[in-house]
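Hydrogens, waters and symmetry mates are skipped; everything else that's a heavy atom, side chains included, is used. All ligand and atom numbering here is 1-based and tracks the order in the structure. One is the number of the first residue; the rest follow in order along the sequence. What you see is a predicted model; the values in this text were computed from it and never measured.
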Amino acid sequence: KDLYESPDYYLADELLTEEHKLIRSTVRDWVKKEVSPIIEDYAQKAEFPKHLIKGLGEIGAFGPTIPVEYGGAGLDYMSYGIIMQEIERGDSGIRSTASVQGSLVMYPIYAYGSEEQKHKYLPKLATGELMGCFGLTEPDHGSDPGGMTTNFKDAGDHYILNGAKMWISNSPFADIAIVWAKDESGKIRGLIVERGMEGFTTPETHNKWSLRASATGELVFDNVKVPKENLLPNISGLKGPLGCLNQARYGIAWGALGAAMDCYDTALRYSKERRQFGKPIAAFQLQQKKLAEMITEITKGQLLVWRLGTLKNENRATPAQISMSKRNSVETAINIAREARQMLGGMGITGEYPIMRHMMNLESVVTYEGTHDIHLLITGLDITGEEAFK
Ligand code: TGC
Ligand code: FAD
């Protein structure tokens, strides 16, 4: 049997089109061939497998919903979700690279950029010829990005940018950065900052125990001269970066379920083969409880993201609905990873199986793109009308 069958307990495949299923098997085959055989090694070395960039572009993982005229794949949101699910089945770090490129770099240029910016950057970002990163978080402003201090001043024919961003996925190798900074009146604006601009550096963050196959770093701006044509003209305010996060959080809602499915598949297979006390461990009630709860949670999550995808296609998904799904999928995945790891006993802590890597990766996924608690507070605000952040 194919090692990468999707759990489909409620026949949710019937809710997908033939095109969706074709996209899923194409991405799944690519992940199986290109990611699974090498990913453990790269995670152990704490290195991003840069050679995967070209293939990610070819399978349409960069900006799947961006229209074809700008180099995107012009797909619907269900397809985007399915692509993220299959990539994250391989590794959350590789899905991160795709999320950042598509939702956090291409999307803001597409949604807020000028025609010149769209034609200049989007086609090259879609193939991976150019790679990007997204700078919102700062050392002193994570959950509260509105407090950012990175700023720029008008200096005639250019701007002067100062400040620093932290925890930025892809920063160590990105060619461009979408940087959110305050103008002289304190309004948040987006700038396209290019590698090579004087005073712009991207030091790498080392010693992570999570997302080891993804490169994370800082963005440091020391009087960087940014040409005026690099300002995203069509957005101002915190809703600019938060609008991009809606796209990325949607992809993570699907993606995290991919990691959960890989852990469940692995634990189910192992439990049927591993024998103790003369029986497969799958025959013991406690192990069945774990597996039964895993498939129940995966099935609930699948139905939630399918409905969210439908709403997203109809442009009706609210940010609060996206928050609920991101939070639910990541919690599902992290709990399944922890239980699945136990089911493998000692083998569960080794790199012979993917579970410990997924488990550690998910500790970042539960924190980035809005923490578990922040998403709960977004739901709390939505249902009560009472803001509990401040
Ligand atoms: P608040 O006053 O609520 O809102 C400010 C303005 O933004 C609007 N807004 C949104 N617009 C679009 N989409 C959303 N999701 C929006 N949420 C709010 C809002 O209507 C308002 O607009 P306007 O016109 O009135 O100005 O803002 P707040 O300062 O109270 O903060 C709210 C809070 C805490 C929910 C928000 O800031 C938040 O989500 N914090 C979490 C930060 C976060 O998610 N950071 C992620 C950084 S990027 C990342 O992690 C990438 S990892 C990628 C990878 O590797 O895969
Ligand atoms: P804090 O905001 O300091 O939160 C610490 C704790 O306090 C959390 O548990 C939080 O839930 C809680 N808390 C905060 N405020 C409240 C409140 N009002 N009520 C109750 N509890 C609260 N950022 C980018 O801009 N671009 C990227 O590409 C990017 N990639 C990342 C990659 C990795 C591997 C990681 C780990 C992070 C990345 N981030 C990125 C940053 C990420 O979005 C932030 O880490 C996240 O938003 C949380 O911010 P913080 O780490 O400063 O935590």
Side-chain angles (χ1 to χ4, degrees), residues 46 48 61 84 87-88 91-105 107-108 111-112 131-148 150 164-172 174 177-181 186-188 190 202 204-219 235-256 317-324 326-327 330 360-382 387-390:
F48 171 65
M84 295 299 123
I87 296 177
E88 194 149 1
D91 189 78
S92 305
I94 307 304
R95 196 269 306 133
S96 276
T97 293
S99 293
V100 169
Q101 183 86 344
S103 292
L104 300 181
V105 178
Y107 177 79
Y112 313 139
M131 291 300 290
C133 66
F134 176 87
L136 179 62
T137 306
E138 300 188 350
D140 294 330
H141 302 280
S143 298
D144 175 22
M148 69 174 66
T150 298
K165 300 288 177 180
M166 191 177 180
W167 297 118
I168 308 304
S169 300
N170 300 355
S171 95
I178 302 295
V179 177
W180 299 95
K187 275 205 196 92
I188 295 175
T202 60
E204 185 156 0
T205 302
H206 295 289
N207 298 332
K208 291 179 299 167
W209 283 115
S210 174
L211 287 194
R212 288 170 65 79
S214 161
T216 314
E218 296 167 49
L219 302 174
I235 195 76
S236 84
L238 191 55
K239 62 179 182 295
L242 290 177
C244 307
L245 297 184
N246 292 335
Q247 301 292 109
R249 290 168 178 174
Y250 169 78
I252 293 172
W254 281 84
T318 66
Q321 287 167 338
I322 295 169
S323 281
M324 181 186 280
K326 186 267 184 185
R327 183 175 185 273
V330 182
M360 296 198 301
N361 283 342
L362 289 161
E363 292 292 342
S364 288
V365 184
V366 79
T367 291
Y368 68 32
E369 295 279 0
T371 68
H372 193 63
D373 290 339
I374 289 294
H375 288 296
L376 177 128
L377 294 175
I378 290 172
T379 306
L381 167 61
D382 199 45
E387 146 115 63
F389 301 112
K390 295 171 187 165

Per-atom filter on ligand 1: closer than 4.0 angstrom to a heavy atom of Pro145 are 37 (O), 40 (N)
What atoms of ligand 2 come closer than 4.0 angstrom to any heavy atom of Glu369? 43 (O)
Judging by distance only, is a nitrogen or oxygen of Thr137 under 3.5 angstrom from one on ligand 1? no
Who's the nearest protein heavy-atom neighbour of atom 18 (N) of ligand 2, and how far? Phe389 O, 2.9 Å
Does Glu387, backbone or side chain, put an N or O under 3.5 Å from an N or O of ligand 1? no
Does ligand 1 have a heavy atom under 4.0 Å from the side chain of His141, from its backbone, from both, or from neither? neither
Which of the listed options, Leu238, Leu136, Thr97, holds the heavy atom that is closest to atom 29 (O) of ligand 1? Leu238
Under 3.5 Å between any N/O of Leu211 and any N/O of ligand 2: does that happen in this structure? no
Geometry only, no angles: is Tyr368 polar-contacting ligand 2 at N/O separations under 3.5 Å? no
Just which atoms of ligand 2 are under 4.0 Å from any heavy atom in Ile168? 24 (C), 25 (O), 26 (N), 27 (C), 28 (O)
For Phe134, is at least one N or O under 3.5 Å away from an N or O on ligand 2? yes
Tell me, which protein residue and heavy-atom name are nearest atom 4 (O) of ligand 2, and how many Å apart are they? Ser143 OG, 3.8 Å
